[in-house]
There are 2 protein chains.
Amino acid sequence: MELKPTDSELEILNILWEKGPSTVRDVHEVLERSKEAGYTTTLKLMQIMHDKKLLIRDETSRSHIYTANISQQKTQGQLVKKFIDNVFNGSASQLVLQALGNHKTNRQELDEIKQLLAEMEKKMKHR
Amino acid sequence: MELKPTDSELEILNILWEKGPSTVRDVHEVLERSKEAGYTTTLKLMQIMHDKKLLIRDETSRSHIYTANISQQKTQGQLVKKFIDNVFNGSASQLVLQALGNHKTNRQELDEIKQLLAEMEKKMKHR
DNA sequence: GCAAACATACGAATGATTTCGTAAAACAAA
DNA sequence: TTTGTTTTACGAAATCATTCGTATGTTTGC
């Protein structure tokens, strides 16, 4: 699968991942909070995403119900990979340094990262 | 400065950051290795970037010499911030988990990250 | 039933990025 | 000088994403 959602599409995907199956109106109402947008604009975008198979929809009732057709995990993974290639010439750790360096990270997040690092350490020793 | 280079522009910036001041032909030759592109296309892009002040150029000799006018550090920082907002709803650690989880990271990179984490730990205790 | 509200579909305008053809100027070699 | 090569400049086409107006059909409430 060769997928690259645009920025607008990603906004919609984020909403659907968070809220689960939703109508255009549902999505539009969330979208409206953070940006100016007409209803038909949101509709059109979701129709295009449906054409591209980014979304599937249930047309049983008049208000179609849309669902994301690609997983959040996988999509984020692809986007991160592409981003690392584009911006950091393929060096994941460079990205990590940037991300940690410039952002405030709280105790819990830090612990999660430390834990992951510990696991990676372990795996490295086993080689 | 509110700058957001496009993907094509970023490719060119990467080359200039790596190679330093270069002519259009220099850049184009590097670009050609990884993608199909006409010379005038590269030229036009660099001219546009010059208009946008992303590049500066020395017009002394016939072949103008272009130099990146924004720092790699700063640009990467801005791009990372935007990326984290778009894709991970602002959570830097989520990005880090993705990046570390899906990519092979070597010992040295891992050590750098550990070191940075240790410093962050320290700072947190001092609050 | 009828009007108002709501939904989809469609086409087209807008805007931004990318691509490239062509012309003119500078230079190089014969 | 003349011819061929290299460069810049310019304009416009092609592409893609985004936005929205309008038509049409469905449902709801009176």
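Below, read A as the first sequence line, B as the second, and so on, with proteins coming before strands; counting in each chain starts at 1.
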| query | So what does B:T6 touch, heavy atoms closer than 4.0 Å: a base, only the sugar-phosphate, or nothing? | reply | sugar-phosphate
| task | Please tell me which of the listed nucleotides, C:dT19, D:dA9, C:dT8, lies nearest to the side chain of B:R57? | result | D:dA9
| said: Any carboxylate oxygen within less than 4.0 angstrom of a Lys/Arg side-chain nitrogen, looking at B:E9 and B:K52? | reply: yes
| message | When you measure from the side-chain N and O atoms of B:S8 to the phosphate of C:dT17, is any distance below 4.0 Å, counting only OP1 and OP2? | response | no
| query | Are OP1 or OP2 of C:dT8 and a side-chain N or O of A:Y39 less than 4.0 angstrom apart? | reply | yes
| said: Between A:K114 and A:E112 (salt bridge meaning N to carboxylate O under 4.0 Å), is one present in this structure? | reply: no
| query | Tell me: CE of B:M49 to P of C:dT19, nearest whole Å? | reply | 13 Å
| query | Of the nucleotides C:dT17, D:dT8, C:dT8, which one has an atom closest to the side chain of B:V24? | reply | D:dT8
| task | Indicate, yes or no, whether a donor-acceptor pair under 3.5 Å links the base of C:dC6 to the side chain of A:R62. | result | yes
| said: For A:E18, is the CD atom crowded, meaning more than 12 foreign heavy atoms sit under 6.0 Å from it? | reply: no
| Interatomic distance where CD belongs to B:E32 and P belongs to C:dC20 [whole Å] | 12 Å
| query | Can you name the one residue among A:L55, A:N69, A:V27 that meets side chain to side chain contact (heavy atoms under 4.5 Å, CB included) with A:L13? | reply | A:L55
| Partner of B:T42 by side-chain hydrogen bond (donor to acceptor under 3.5 Å, both in side chains), out of B:E11, B:H28, B:E32 | B:H28
| message | Between A:D58 and A:T60, is there a side-chain donor-acceptor contact under 3.5 Å, judged purely by atom types and distance? | response | yes
| said: Using 30° and 60° as the class boundaries, would you call the ring planes of B:Y66 and B:H50 parallel, tilted or perpendicular? | reply: perpendicular
Where do N or O atoms of nucleotides 10-13 of chain D meet protein N or O atoms at under 3.5 Å, pair by pair?
| residue | atom | partner | partner atom | Å |
| --- | --- | --- | --- | --- |
| D:dG11 | N7 | B:K44 | NZ | 3.3 |
| D:dG11 | O6 | B:K44 | NZ | 3.2 |

| Taking atom P of D:dT8 as reference, at what distance in whole Å does atom CG of B:D51 sit? | 14 Å
| message | Without decimals, in angstroms, what is the distance between B:M46 CE and C:dT18 C1'? | response | 16 Å
| Protein-nucleotide distance (B:R25, atom CZ; D:dT8, atom C1'), rounded to Å | 12 Å
| task | Tell me what A:S63 touches on the nucleic acid: a base, only sugar-phosphate, or nothing, going by heavy atoms under 4.0 Å. | result | sugar-phosphate
| request: Take the protein atom NZ of A:K35 and the nucleotide atom P of D:dA17, then report the distance between them rounded to whole Å. | output: 14 Å
| said: Between P on D:dT19 and CD on A:E9, what's the gap in Å once rounded to a whole number? | reply: 12 Å
| To the nearest angstrom, how far is B:H64 atom NE2 from D:dT7 atom P? | 11 Å
